[in-house]
Amino acid sequence: MTNRPQTVLVTGASSGLGAAIAAGLTAGGYRVVGTSRQPRGDGGAIPMVAMDVDDDASVAMAIGQVVALVGRIDAVVNNAGFGIAGAIEDTTSDEAGAQMCTNFLGTHRVCRAVLPLMRAQGGGRIVNVSSLAGIVPLPFQAFYSASKFAVEAYSEALRIEAKPFGIHVSMIEPGDYATGFTAHRRMTTASNSASPYHARVSRAVAIMARDEQANRDLGPVVATVRRALEAATPKLRYPTATAAQRILVALKPFLPDAIVEKLLTSTYEAG
Ligand SMILES: NC(=O)c1ccc[n+]([C@@H]2O[C@H](COP(=O)([O-])OP(=O)(O)OC[C@H]3O[C@@H](n4cnc5c(N)ncnc54)[C@H](OP(=O)(O)O)[C@@H]3O)[C@@H](O)[C@H]2O)c1
């Protein structure tokens with residue numbers, strides 16, 4: 001237990017990846033506190049605190065409660081998030097803003113609340129949950145992709161800013177995993193049969209949902225978070241995805257844009 005944090009806050013621990021990460025870390029001997037907008041029951045072995053990452057006051061109150069509960073926050077896994085789908089033309093600025101408010105600014109709210117504590121403690125670890133969609137943007141999930149691109153830029157900058165305080169910043173970049181993400185996905189209001197994009201959006205989102213639900217083993221995500229928490233010198237990025245997805249991500253900077261475009265078009269618009 002020498003080179004690793006003891007107390008870990010996992011946001012969005014009521015479902016999916018967050019629940020698996022919280023359970024996996026607890027089983028590995030960490031003291032974990034999870035968050036949810038509406039925590040139910042006593043959370044069993046994992047105490048749950050109410051936190052809406054869309055709301056500054058809710059985040060501040062939750063961080064205070066976590067510190068009162070476990071004394072300190074050595075590490076944070078910024079996992080809370082959701083996906084919005086629909087054509088760009090069919091997305092209002094309010095719908096786009098809601099996506100950025102949770103996935104990007106939610107991460108920022110939590111970081112701003114824990115950074116002073118970590119500085120005072122002399123160090124800490126922040127693991128932001130990005131996505132492969134934060135590297136390869138997906139058609140009809142433009143604002144989800146943009147929110148994760150924002151998390152990527154933010155994490156790169158924060159890593160440099162926080163390093164002199166002994167605070168390590170990393171990202172995990174999951175591919176497709178079967179979680180509540182598919183059922184919780186919001187379609188934009190104008191994504192209906194009157195939209196000129198309707199058939200294409202429906203097909204693409206069905207393919208995305210199929211791919212997400214096909215991968216039921218969340219173990220690699222938990223193991224990846226542990227690698228980020230336990231590495232003596234944590235890396236900036238930890239992709240966790242199928243071999244094919246990882247190869248595409250690794251090759252993307254070297255491939256002509258037209259090839260990447262063709263691959264994405266054939267994946268989400270074929271047949
Ligand atoms: N599943 C995938 O294939 C995949 C791939 C790449 C990245 N990711 C990322 O992984 C993270 C977790 O998603 P998941 O797949 O596990 O989906 P999920 O099963 O739907 O879980 C989402 C979690 O986020 C919480 N949440 C959502 N909005 C929130 C808000 N405003 N404030 C606080 N908590 C909020 C939910 O808690 P409550 O509803 O209880 O508040 C829930 O615990 C997300 O950042 C997602 O973008 C997922």
Side-chain angles (χ1 to χ4, degrees), residues 9-24 32-41 43 46 48-63 66 76-85 97-110 113 126-138 141 143-152 154-155 171-186 205 207-222 224-225 237-242 245-246 249:
L9 172 65
V10 180
T11 70
S14 62
S15 170
L17 299 186
I21 292 164
V32 177
V33 180
T35 75
S36 158
R37 283 167 292 185
Q38 292 178 313
R40 278 186 289 272
I46 302 164
M48 294 287 288
V49 164
M51 179 195 281
D52 183 345
V53 301
D54 291 359
D55 183 82
D56 286 346
S58 169
V59 170
M61 185 179 291
I63 296 299
V66 175
V76 173
V77 181
N78 273 309
N79 163 79
F82 76 95
I84 192 166
Q99 178 72 102
M100 299 304 281
C101 184
T102 301
N103 291 9
F104 172 44
L105 292 176
T107 298
H108 175 52
R109 287 186 187 93
V110 175
I126 294 174
V127 178
N128 292 331
V129 178
S130 177
S131 168
L132 292 192
I135 302 164
V136 180
L138 303 178
Q141 289 207 64
F143 290 98
Y144 176 71
S145 304
S147 74
K148 296 299 187 179
F149 265 68
V151 167
E152 293 273 331
Y154 179 92
S155 304
M171 284 173 277
I172 64 157
E173 300 169 321
D176 293 313
Y177 289 94
T179 66
F181 188 84
T182 311
H184 296 147
R185 178 181 281 117
R186 297 183 201 169
V205 171
I207 291 167
M208 290 164 192
R210 180 203 64 198
D211 291 348
E212 288 155 11
Q213 291 304 311
N215 188 3
R216 311 203 78 78
D217 180 11
L218 310 188
V221 176
V222 178
T224 304
V225 170
R237 293 191 165 83
Y238 292 87
T240 168
T242 61
Q245 288 174 326
R246 291 172 67 148
V249 165

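In this text, all values refer to a predicted model and were calculated from it rather than measured experimentally. Numbering of ligands and ligand atoms starts at 1, following listing order.
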If we only count heavy atoms from C-beta on, is the Arg186 to Gln99 side-chain gap below 4.5 Å? no
Taking every heavy atom of Val221 against every heavy atom of Thr240, the minimum-distance pair comes out as N-OG1, 4.0 Å
Note, Val66 side chain near Met51 side chain (heavy atom, < 4.5 Å): no
For ligand 1, give me the residues whose heavy-atom distance to it is below 4.0 Å, by chain and number please. Gly12, Ala13, Ser14, Ser15, Gly16, Leu17, Ser36, Arg37, Met51, Asp52, Val53, Asp54, Asn79, Ala80, Gly81, Thr102, Val129, Ser130, Ser131, Tyr144, Lys148, Pro174, Gly175, Asp176, Tyr177, Thr179, Gly180, Phe181, His184
Using a strict threshold of under 4.0 Å (side-chain N to carboxylate O), is an ion pair present between Asp52 and Arg37? no
Gln213 side chain vs Thr179 backbone, donor-acceptor pair below 3.5 Å: yes
Counting only N and O atoms by type, is there a donor-acceptor contact under 3.5 Å from the side chain of Arg109 to the main-chain atoms of Cys101? yes
